[in-house]
Chemist: 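Got a structure for you, questions after.
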Number of protein chains: 2
Amino acid sequence: MFMARTCGSHSQTTGPRLRDVAQRLFARHGYAAVSMRQIAAEVGVQAGALYNYIPDKQGLLFDLMRTHLEDLLAAWQAEPHGAGPLEALEAFTRFHIRFHLERPDAVFIAYMELRNLEPENFAVIEGLRKRYETVLEDILSAGKQAGVFTLPDTKLAALAVIAMLTGVTTWYRDDGRLSRDRVARIYWNMVRKAVGA
Amino acid sequence: MFMARTCGSHSQTTGPRLRDVAQRLFARHGYAAVSMRQIAAEVGVQAGALYNYIPDKQGLLFDLMRTHLEDLLAAWQAEPHGAGPLEALEAFTRFHIRFHLERPDAVFIAYMELRNLEPENFAVIEGLRKRYETVLEDILSAGKQAGVFTLPDTKLAALAVIAMLTGVTTWYRDDGRLSRDRVARIYWNMVRKAVGA
DNA sequence: AGGTTATCTGAACGCGCGTTCATTTCAATC
DNA sequence: GATTGAAATGAACGCGCGTTCAGATAACCT
């Protein structure tokens, strides 16, 4: 009675759409609170069809989180790092804010759904997160050694700065008082002072 | 066949136990992922008995969050604020870290389960959260006016500082490298520099 | 034009969910 | 020792869950 394929468009699109929809719904309502049938409805398909693209619900969550963190690390690699530690820290600050504000849903999921990962999946995600923390820690460490930064504890400073920067995603609105650039400038100002440079 | 009450102890304890257990499980696995039957099992009771103490699951979540935020605001009122803005900011920093590290589960829930609140409950919780943010904002504002702090944007600074301080709860471990006092001291150092004092 | 294959449907599976309630149990009171 | 009433049981309610799969469908290939 109904069409097995959407008229005029290849089902090449169902895979990406599934991930888009899942990302939005997981971010909005939480992984545990969203059903496969809700996702399927928004994709425009029956629930069973989703399993042509994912092994199961857990695999879908894991894939979203892993992709996000791999994108994050790859994007930083592709970013101009600047000459010295001070320039690197500014680059990191601006990069982090820009990257995170561009994908609020993925960020939300990566920070909030860790506890819904099965142990082995959790280990992978946690490893990627650690790698990103190390990026900042290395910058701070180099700057401290070069006498550019004043830090009582490099590791804590890295965690503090990342928490501060990531916090932007919880309140920033595109139609708000400040532009992204303005926010990045203000935060860079605070970060610079916090590390004693 | 089974006892309706636990031998020797009044059921006076079931209410508090219910909240304790729910808080721990919600923090660990998330509100949507925890069932009333799981909570009941840990309390040592059948699921139906829980409804002698709560209206429904949503009411339980709301009660946990409201109580936590009211405790937070009341505890700050009872705290010695110090003489000037600089002293007040130091008091706030140390208070925030101490209070949050003492109740990691409640903190987790208050930050992660906002999206599982029904709209009217959300409004109440959001109002309490705003009131707490205003506490810090007022301190920063006074310090700026007094020329003690250098801040390009008071509101952003307040959000940044709170995000930074609350971040402690995501990594701090009692058996870790640093004591709570040491962590508080290091963070106060960074906060002080970040606000230009 | 006809066959192949990727894709989707629709029904089914067992299960656990939040919540209600008549009944039972037992500490406290008289 | 009988009465009372708060507290807990255990069964039941309808429902939606994640997942599977045989069968239907339509785009693609020759």
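Letters A, B, ... mirror the listed sequences (proteins, then strands); counts begin at 1.
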Chemist: Whole-Å distance between D:dT20 P and A:Asp56 CG?
Modeler: 8 Å
Chemist: Given atom NZ of B:Lys57 and atom C1' of C:dG18, what is their separation to the nearest angstrom?
Modeler: 8 Å
Chemist: Contact list please: residues 35-43 of chain B against DNA chain C, heavy atoms, distance less than 4.0 Å, in numerical order.
Modeler: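 When residues 35-43 of chain B is checked for heavy atoms under 4.0 Å from DNA chain C, the hits, listed by number, are B:Ser35, B:Met36, B:Arg37, B:Gln38.
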Chemist: Quick check on DNA chain C: between B:Gln58 and A:Gln46, whose nearest nucleotide comes earlier from the 5' end?
Modeler: A:Gln46
Chemist: Is the cationic atom of B:Arg66 (NZ for Lys, CZ for Arg) positioned less than 6.0 Å from the six-membered ring centroid of B:Phe62 and within 45 degrees of its normal?
Modeler: yes
Chemist: Output a table of donor-acceptor pairs, distance under 3.5 Å, between side-chain atoms of residues 157-167 of chain B and any protein atom two or more places apart or on a different chain; print 'none' if there are none.
Modeler:
unit_1	atom_1	unit_2	atom_2	d
B:Thr166	OG1	B:His96	NE2	2.9
B:Thr166	OG1	B:Ile162	O	2.8

Chemist: Distance-only criterion, 3.5 Å: show the donor-acceptor pairs between side-chain atoms of residues 141-153 of chain B and protein atoms not counting sequence neighbours.
Modeler:
unit_1	atom_1	unit_2	atom_2	d
B:Lys144	NZ	B:Leu151	O	3.1
B:Asp153	OD1	A:Arg177	NH2	3.3
B:Asp153	OD1	B:Lys155	N	3.2
B:Asp153	OD1	B:Leu156	N	2.9
B:Asp153	OD2	A:Arg177	NH1	2.8
B:Asp153	OD2	A:Arg177	NH2	3.3

Chemist: Which nucleotide in the set C:dT9, C:dT20, D:dA8 lies at the smallest distance from any side-chain heavy atom of B:Thr14?
Modeler: D:dA8
Chemist: Answer yes when A:Arg115 and A:Glu126 have at least one side-chain N-carboxylate O distance shorter than 4.0 Å, and no when they do not.
Modeler: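 Between A:Glu126 and A:Arg115 there is no salt bridge, as every charged N stays at least 4.0 Å from the carboxylate O atoms.
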Chemist: Quick check on contacts: within residues 17-29 of chain B, what sits under 4.0 Å from DNA chain C by heavy-atom distance?
Modeler: none
Chemist: Please pick, from C:dC8, C:dT19, D:dT20, the nucleotide with the shortest atom-to-atom distance to any side-chain atom of A:Tyr51.
Modeler: D:dT20
Chemist: Return whichever of A:Ala49 or A:Ala32 has its heavy-atom-nearest nucleotide of DNA chain D closer to the 5' end.
Modeler: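 That would be A:Ala32.
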Chemist: Taking 4.0 angstrom as the limit, do B:Glu102 and B:Arg98 come out as a salt bridge?
Modeler: no
Chemist: Output yes when B:Arg17 and B:Asp20 qualify as a salt bridge under the 4.0 Å nitrogen-oxygen rule, no when they do not.
Modeler: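 Looking at B:Asp20 together with B:Arg17, the answer is no, because their closest N to O distance does not fall below 4.0 Å.
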Chemist: Could you state the CG-P distance from A:Asn52 to D:dT25, rounded to the nearest angstrom?
Modeler: 17 Å
Chemist: Give the angle between the helix axes at the two ends of the helix from C:dA1-D:dT30 to C:dC30-D:dG1, taking five base pairs at each end and rounding to 10°.
Modeler: 10°
Chemist: Measure CG/B:Leu61 against P/C:dG18 and give the value in whole Å, please.
Modeler: 13 Å
Chemist: Cationic tip of B:Arg129 within the cone over B:Tyr111's six-membered ring, i.e. under 6.0 Å and within 45° of the normal?
Modeler: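 Yes - B:Arg129 lies over the ring of B:Tyr111, closer than 6.0 Å to its centre and within 45° of its axis.
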Chemist: B:Phe99 ring centre to B:Arg103 NZ or CZ under 6.0 Å, with the angle to the axis within 45°?
Modeler: yes
Chemist: Please identify each residue that fulfils salt bridge (charged side-chain N to carboxylate O under 4.0 Å, His left out) with B:Glu133, with sequence neighbours left out.
Modeler: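 For B:Glu133 there are no salt bridge (charged side-chain N to carboxylate O under 4.0 Å, His left out) partners, ignoring immediate neighbours.
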Chemist: Do the side chain of B:Lys57 and the main chain of B:Val34 share a donor and acceptor less than 3.5 angstrom apart?
Modeler: yes
Chemist: Looking only at the side chain of A:Tyr53 (C-beta and beyond, no hydrogens), which of the listed nucleotides C:dT7, D:dG18, C:dG18 gets closest?
Modeler: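 From the listed options, C:dT7 comes nearest.
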Chemist: Is A:Arg180 paired with A:Asp174 through a side-chain N to carboxylate O contact shorter than 4.0 Å?
Modeler: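 Answer for the salt bridge query: yes.
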Chemist: In whole Å, what is the span from the CD1 atom of B:Ile54 to the C1' atom of C:dT19?
Modeler: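 Rounded to whole Å, this separation is 10 Å.
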